[in-house]
*Asks:* 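Submitted below is the structure of interest, expressed as structure tokens.
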Amino acid sequence: MQVQACDGRPPGPWPALREDLSEALPADFVAFFSLLHRPYLRYAHLQLDSEPDAEWVVEEVFSQLALAWGEVRRHPNPAAYALAALKEKITKLLAARRRGATALVETAAFAAVREASRARLEVLDVLESRLGVYGAINRLPDRQYDVVLLRYVLGYPAHRVAAIMGITPATVRSHIRGARRRLAHDLEIAWTPEAPEGEEEA
């Protein structure tokens with residue numbers, strides 16, 4: 001049975017970039033797609049709690065990027081531009097569904113990764129209140145939220161998070177430190193600055 005996208009249309013070619021399309025598209029776009037497609041699907045699924053919706057949103061974003069690729073590739077930060085486009089699509093779809101901002105902790109998609117994420121989230125040193133930490137993640141500032149989601153919930157190493165977001169690994173580490181401080185404050189627990197974590201573990 002063919003999966004229907006959120007507007008009733010069957011999904012387009014993006015879930016698996018067809019060989020004929022990859023040959024027709026610029027090589028740098030294909031490389032860009034290959035780097036970001038899977039993380040975007042996982043990120044969108046957590047926000048939308050729907051695989052068809054996530055596939056539709058990611059397809060729309062990559063379709064827009066492909067059509068404007070000449071302009072996108074000249075942008076000072078194509079990865080940041082693309083992530084902003086993805087987040088905008090997610091926000092608009094949530095608004096259309098009258099769901100407002102996503103309540104990450106309430107989604108079934110998030111529940112599915114919660115146990116797998118346990119060891120990674122322990123790095124945050126805030127698991128004295130497990131329900132509290134997930135709610136507190138929702139309240140983080142935008143960049144800190146994305147870093148924590150990609151690094152600890154989805155499990156990407158810091159250098160991969162940097163590539164996905166279009167920032168440097170040092171900036172990822174800075175956002176992690178800021179997120180730890182804010183989470184500790186929100187959860188009213190002690191936070192002690194520590195030696196830099198091993199950034200390359202999964």
Side-chain angles (χ1 to χ4, degrees), residues 1-26 29-69 72 78-118 120-121 131 134-135 137-140 142-143 145-157 160-161 163-166 202:
M1 182 176 68
Q2 190 175 41
V3 175
Q4 293 293 308
C6 63
D7 62 352
R9 296 181 298 105
W14 302 113
L17 191 59
R18 296 198 320 250
E19 185 176 347
D20 58 332
L21 280 177
S22 64
E23 291 174 355
L25 291 165
F29 176 84
V30 174
F32 192 75
F33 174 91
S34 298
L35 174 72
L36 298 176
H37 180 255
R38 175 66 176 163
Y40 278 17
L41 278 177
R42 297 180 71 202
Y43 181 94
H45 187 202
L46 285 179
Q47 311 298 315
L48 297 168
D49 201 26
S50 164
E51 288 185 10
D53 284 357
E55 289 176 0
W56 179 81
V57 162
V58 173
E59 175 194 340
E60 287 290 297
V61 168
F62 278 110
S63 294
Q64 290 179 3
L65 294 173
L67 289 171
W69 184 240
V72 173
Y81 177 94
L83 182 60
L86 175 68
K87 292 165 70 75
E88 182 180 4
K89 282 286 183 188
I90 290 170
T91 299
K92 286 182 176 179
L93 183 55
L94 287 170
R97 296 291 173 82
R98 298 182 179 179
R99 286 175 53 192
T102 181
L104 180 68
V105 70
E106 297 175 1
T107 68
F110 186 75
V113 301
R114 185 177 300 162
E115 288 307 309
S117 302
R118 184 191 301 270
R120 291 189 294 266
L121 282 164
L131 288 178
Y134 296 117
I137 288 171
N138 258 346
R139 297 189 296 272
L140 288 172
D142 194 52
R143 284 292 187 91
Y145 172 86
D146 286 340
V147 166
V148 168
L149 196 70
L150 292 165
R151 178 73 180 96
Y152 295 108
V153 179
L154 294 179
Y156 290 106
R160 189 86 161 90
V161 175
I164 293 166
M165 294 183 64

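What you are looking at is a predicted structure, and each value in this text was computed from that prediction instead of being measured.
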*Asks:* Let me see the working for Tyr152 and Val147 under side-chain contact (heavy atoms from CB on, under 4.5 Å), right down to the final yes or no.
*Replies:* CA-CA 8 Å; Tyr152 295 108; Val147 166; 5.8 Å; no
*Asks:* Output the distance between atom CG (Leu67) and atom CZ (Phe62), rounded to the nearest 0.5 Å.
*Replies:* 13.5 Å
*Asks:* When you look at Leu65 and Phe33, which way does the side-chain contact (heavy atoms from CB on, under 4.5 Å) test go after all the steps?
*Replies:* CA-CA 9 Å; Leu65 294 173; Phe33 174 91; over 6 Å; no
*Asks:* Which residues pass the side-chain hydrogen bond (donor to acceptor under 3.5 Å, both in side chains) test with Tyr43, sequence neighbours left out?
*Replies:* Lys87, Asp146
*Asks:* If you take all heavy atoms of Ala82 and Val61, which pair is closest and at what distance?
*Replies:* O-CG1, 4.2 Å
*Asks:* Please lay out, stage by stage, how Leu86 and Leu36 fare under the test side-chain contact (heavy atoms from CB on, under 4.5 Å).
*Replies:* CA-CA 11 Å; Leu86 175 68; Leu36 298 176; over 6 Å; no
*Asks:* Please determine whether side-chain contact (heavy atoms from CB on, under 4.5 Å) holds for the pair Val72 and Phe29, giving the CA-CA distance in whole Å, both sets of side-chain angles, and the decisive distance to 0.1 Å.
*Replies:* CA-CA 10 Å; Val72 173; Phe29 176 84; over 6 Å; no
*Asks:* To the nearest 0.5 angstrom, please state how far the CZ atom of Arg38 sits from the CG atom of Leu154.
*Replies:* 9.0 Å
*Asks:* To the closest 0.5 Å, what do you measure between CD (Gln47) and CD1 (Ile90)?
*Replies:* 5.5 Å
*Asks:* Let me confirm one number: the CG-CH2 distance from Leu48 to Trp56, rounded to the nearest 0.5 Å.
*Replies:* 9.5 Å
*Asks:* Taking only residues two or more places apart in sequence, or in another chain, which ones meet Gln64 in a side-chain hydrogen bond (donor to acceptor under 3.5 Å, both in side chains)?
*Replies:* none
*Asks:* Where does the angle between the aromatic ring planes of Phe32 and Trp69 fall among parallel (under 30°), tilted (30 to 60°) and perpendicular (over 60°)?
*Replies:* tilted
*Asks:* Can you name the closest pair of heavy atoms from Pro39 and Arg160 and give their distance?
*Replies:* CG-NH2, 3.7 Å
*Asks:* Look up atom CG in Asn138 and atom OH in Tyr145, then write down how far apart they are to the nearest 0.5 Å.
*Replies:* 5.5 Å
*Asks:* Please confirm whether the backbone N or O of Leu149 pairs with a side-chain atom of Tyr156, one donor and one acceptor, at under 3.5 Å?
*Replies:* no
*Asks:* Which heavy atom of Val58 sits nearest to which heavy atom of Ala44, and what is that distance?
*Replies:* CG2-CB, 4.3 Å
*Asks:* Please report the interatomic distance NE2(His37) to CD(Glu59), rounded to the nearest 0.5 Å.
*Replies:* 9.0 Å
